[in-house]
Amino acid sequence: MKAIATMPDSVSPVSAPPRVRFAPSPTGFLHVGSARTFIFNWLFARHNQGTMVLRLDDTDVERNTDASVQSIFEGLRWLGLNWDEEYKQSERLDLHRAAAETIFARGLAYRDFTPAHAGDDNQSSAQGAWLFNPGMREMPREESDRRAAAGEPFALRYRVPRGEGRVLHFADGVYGAQSRPTDEVEDFALLRSDGMPTYHLASCVDDADLRISHIIRGQDHLTNTYKHLLIFEALGAQAPQFAHLPLLVAPDGTKLSKRKHGPVVSVTTYRDAGFLPQAFVNFLCLLGWSPKNDRDFLVLDEIRTLFTLEGVNRANAVVNFTEEDPFDAKAVWLNAEHIRALPVEELAHCLTPFLEQAGFHAAPDKVAAVAPLIRERIKLLGEAPAAADFFFVDKLPGYDPAELIPLKKGETTGDPALALRVLESARQVLAATDFDHDSLDKALREAATQLGLKAGPMFQPIRVAVCGRKNAPPLFETLVVLGREVCLARIAEAEERIASLG
RNA sequence: GUCCCCGUCGUCUAGCCCGGCCUAGGACACCGCCCUUUCACGGCGAUAACACGGGUUCAAAUCCCGUCGGGGACGCCA
């Protein structure tokens, strides 16, 4: 990162509480990049006691769907960050059209009768003819009126000043002082030939009308800002402050896109895999922003307190994922941290849907008992069923009986007879001992001593017998949660398995 | 093609505006060791970066110029 912004976010000298907005267009699920933009806006609003506005930018009837609207709300609700006001752009069309008329009446726009899509493929010519539509911009008003009256469709274009030496300026809250001659800004559309406003028009009209004070959005809008400046001016409105956020990019360096990068860019993918929203938010905040205090694990309250636009940097941030590993390792680690930070009851609550989805009967007591045993062993909630299956199934899935038999270092075959003796002894102990952690601990260690065994070779057969695998939570806690009956039955079954090994 | 933005460990980043405290700090990942009934957690340690080239200066990751590299915008999409 180089050179610091001249006027970071101290741009607005004194300060009515800010009003910011998040304005997604409902053309798909909630994108992680959009989620981050939303979060940063929310943080800015809440840090400054401002207002958070949610506005659906749905002026593209061709591409907007209700399903998408639902999915975006679903994503936002999951994040758990609230907003104060809500608008739908499609319900404000009168406002947009009136604004377009005003701009046209002021002579700041012209009708463009070029058929839609006419210029889709031809490249801009060398002298910059792409800046405007020749023949349209200079068309006499009489001809324009006549053709319009005759019903010929037209788009309304902004007449960007040419050859006046005018330069547009703004102070970006992240990128600093920005400027561009109007000669380099093309004549952009305000109204489509079907009469619908374009994004540029609708968004600026609404931002002005809703008295948005700060527009915080992706850096891909940086160069659009000059057009927006022109619209605010034509509207006679004071332009808001702008702050552009560095982009979230894929490992290939390009902007994250659903088409190119698949479901890993959808917020719901994270939710479904078992991310905690607070962990996801924590992760996203660290992409392009730093608390500058060497801390990574942060809760929302801390982030809100610490958040400023000065902490936002300018280089694009890579979200690291691969085909095999769809989630950034840091996101996963943060999630594990947040899981461990959760009180047991809350963790149990979060775990339940995942357990149920795996077909387990997740009784609240049971889940609460299991949660502390797996909390350090899972990084995603979605890993819970695999980590805790043996607590919930009636019958253990098949496992390799050889695992019941401990191997000494360097050996390839163990001693089945010894394993059998361990299990027999364990069965007797479990049948006779109080079923609590300390009693079990004491009794089983005594049994080990009697067999002349250390803890390892004593506990492995028991663990595998009751869990069906070698890697599992601590033994005594596990036995207690499982209960005496289940343990005895599984040990007996394990003995049969060894016997059947021959 | 034109314009704009960016460039510190593999990744996220601190440091850059106000040059010296930077033999560049933290985190994740990876590797090793310790703890330990397994796995995990935890603890300790190791490897690893200022894109390149000039300039200014006693001194540059920090200032200036250039090069290269990456990204973005240029739509009757948002």
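Every chain is numbered from 1, with letters handed out A, B, ... down the list of sequences. Quick note: numbers below take in every heavy atom, side chains included, and nothing from hydrogens, waters or symmetry partners.
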Exercise. What are the two closest non-hydrogen atoms of A:V174 and A:N313, and how far apart are they?
Worked result: CG1-O, 3.9 Å

Using OP1 and OP2 only, check whether a side-chain N or O of [X] sits under 4.0 Å from [N].
X: A:R295; N: B:A27; value: no
X: A:K292; N: B:U13; value: no
X: A:T59; N: B:A78; value: yes

Output the single nucleotide from [options] whose closest atom is nearest the side chain of [X].
X: A:Q219; options: B:C5, B:A78, B:U13; answer: B:C5
X: A:L222; options: B:C5, B:A78, B:G71; answer: B:C5
X: A:R340; options: B:U13, B:G42, B:U11; answer: B:G42
X: A:E186; options: B:U13, B:G75, B:G42; answer: B:G75
X: A:R180; options: B:C3, B:A78, B:C76; answer: B:C3
X: A:K227; options: B:C5, B:G15, B:C74; answer: B:C74
X: A:H221; options: B:C12, B:A78, B:U38; answer: B:A78
X: A:T223; options: B:U38, B:C4, B:G42; answer: B:C4
X: A:L286; options: B:C12, B:U11, B:U13; answer: B:C12
X: A:D294; options: B:C41, B:C76, B:G25; answer: B:G25

Taking atom [atom1] in both [N] and [M], what distance in whole Å separates the two?
N: B:G43; M: B:A59; atom1: P; result: 44 Å
N: B:A46; M: B:G53; atom1: P; result: 29 Å
N: B:C22; M: B:A49; atom1: C1'; result: 13 Å
N: B:A29; M: B:C64; atom1: P; result: 38 Å
N: B:U23; M: B:C31; atom1: P; result: 32 Å
N: B:G75; M: B:U62; atom1: P; result: 38 Å
N: B:C74; M: B:U57; atom1: C1'; result: 42 Å
N: B:A24; M: B:C50; atom1: P; result: 11 Å

Expressed in angstrom and rounded to an integer, what is the separation of [X] atom [atom1] from [N] atom [atom2]?
X: A:W289; N: B:A14; atom1: CH2; atom2: P; answer: 10 Å
X: A:D325; N: B:C12; atom1: CG; atom2: P; answer: 16 Å
X: A:L191; N: B:C77; atom1: CG; atom2: P; answer: 11 Å
X: A:D441; N: B:U36; atom1: CG; atom2: C1'; answer: 13 Å
X: A:I378; N: B:C41; atom1: CD1; atom2: C1'; answer: 13 Å
X: A:Y175; N: B:C17; atom1: OH; atom2: C1'; answer: 17 Å
X: A:E337; N: B:C41; atom1: CD; atom2: P; answer: 10 Å
X: A:W333; N: B:G42; atom1: CH2; atom2: C1'; answer: 13 Å

Applying a 4.0 Å non-hydrogen cut-off, can you work out what [X] is touching in the nucleic acid: base, sugar-phosphate, or nothing?
X: A:S203; answer: nothing
X: A:F476; answer: base
X: A:L247; answer: sugar-phosphate
X: A:E184; answer: sugar-phosphate
X: A:R445; answer: base
X: A:N224; answer: base
X: A:K454; answer: nothing
X: A:P474; answer: base
X: A:T254; answer: sugar-phosphate
X: A:H200; answer: base
X: A:L287; answer: sugar-phosphate
X: A:Q89; answer: nothing

Exercise. Taking for each residue the nucleotide of RNA chain B bearing the nearest heavy atom, is the 5' side occupied by A:G288 or by A:N471?
Worked result: A:G288

For this session: By nearest nucleotide on RNA chain B, pick out whichever of A:K470 and A:T198 is the more 5' one.
Result: A:K470

Can you confirm whether or not the ring centre of [X] sits under 6.0 Å from the ring centre of [Y]?
X: A:H221; Y: A:H244; result: no
X: A:F307; Y: A:W289; result: yes
X: A:H200; Y: A:Y158; result: no

For this session: Tell which nucleotide pairs with B:U2, taking only Watson-Crick or G-U wobble pairs whose two distances are both under 3.5 angstrom.
Result: B:A73

Exercise. Which nucleotide, in any strand shown, forms a Watson-Crick or G-U wobble pair with B:C9, with both distances under 3.5 Å?
Worked result: none

Please confirm whether any donor atom in the side chain of [X] sits under 3.5 Å from an acceptor in the base of [N], or the reverse.
X: A:R314; N: B:C5; value: no
X: A:K330; N: B:A27; value: yes
X: A:S193; N: B:C76; value: yes

Exercise. Is a side-chain donor-acceptor pair under 3.5 Å present for A:R217 with A:T225?
Worked result: yes

For this session: Would you check, one step at a time, whether the test salt bridge (charged side-chain N to carboxylate O under 4.0 Å, His left out) holds for A:E446 with A:K442?
Result: CA-CA 6 Å; A:E446 273 167 14; A:K442 184 159 172 281; 3.7 Å; yes

Exercise. Parallel, tilted or perpendicular for A:Y270 and A:F275, by the 30°/60° rule?
Worked result: tilted

Problem set entry | CA sep, side-chain torsions, deciding dist, call: A:V344, A:R375, side-chain contact (heavy atoms from CB on, under 4.5 Å) | CA-CA 9 Å; A:V344 178; A:R375 73 191 306 172; 3.4 Å; yes

Exercise. For A:L298 and A:C285, what are the C-alpha separation, side-chain angles and deciding distance, and is it a side-chain contact (heavy atoms from CB on, under 4.5 Å)?
Worked result: CA-CA 10 Å; A:L298 299 162; A:C285 286; over 6 Å; no

Exercise. Would a distance-only check, ignoring hydrogens and angles, find a side-chain to backbone donor-acceptor pair under 3.5 Å from A:R192 to A:T198?
Worked result: no

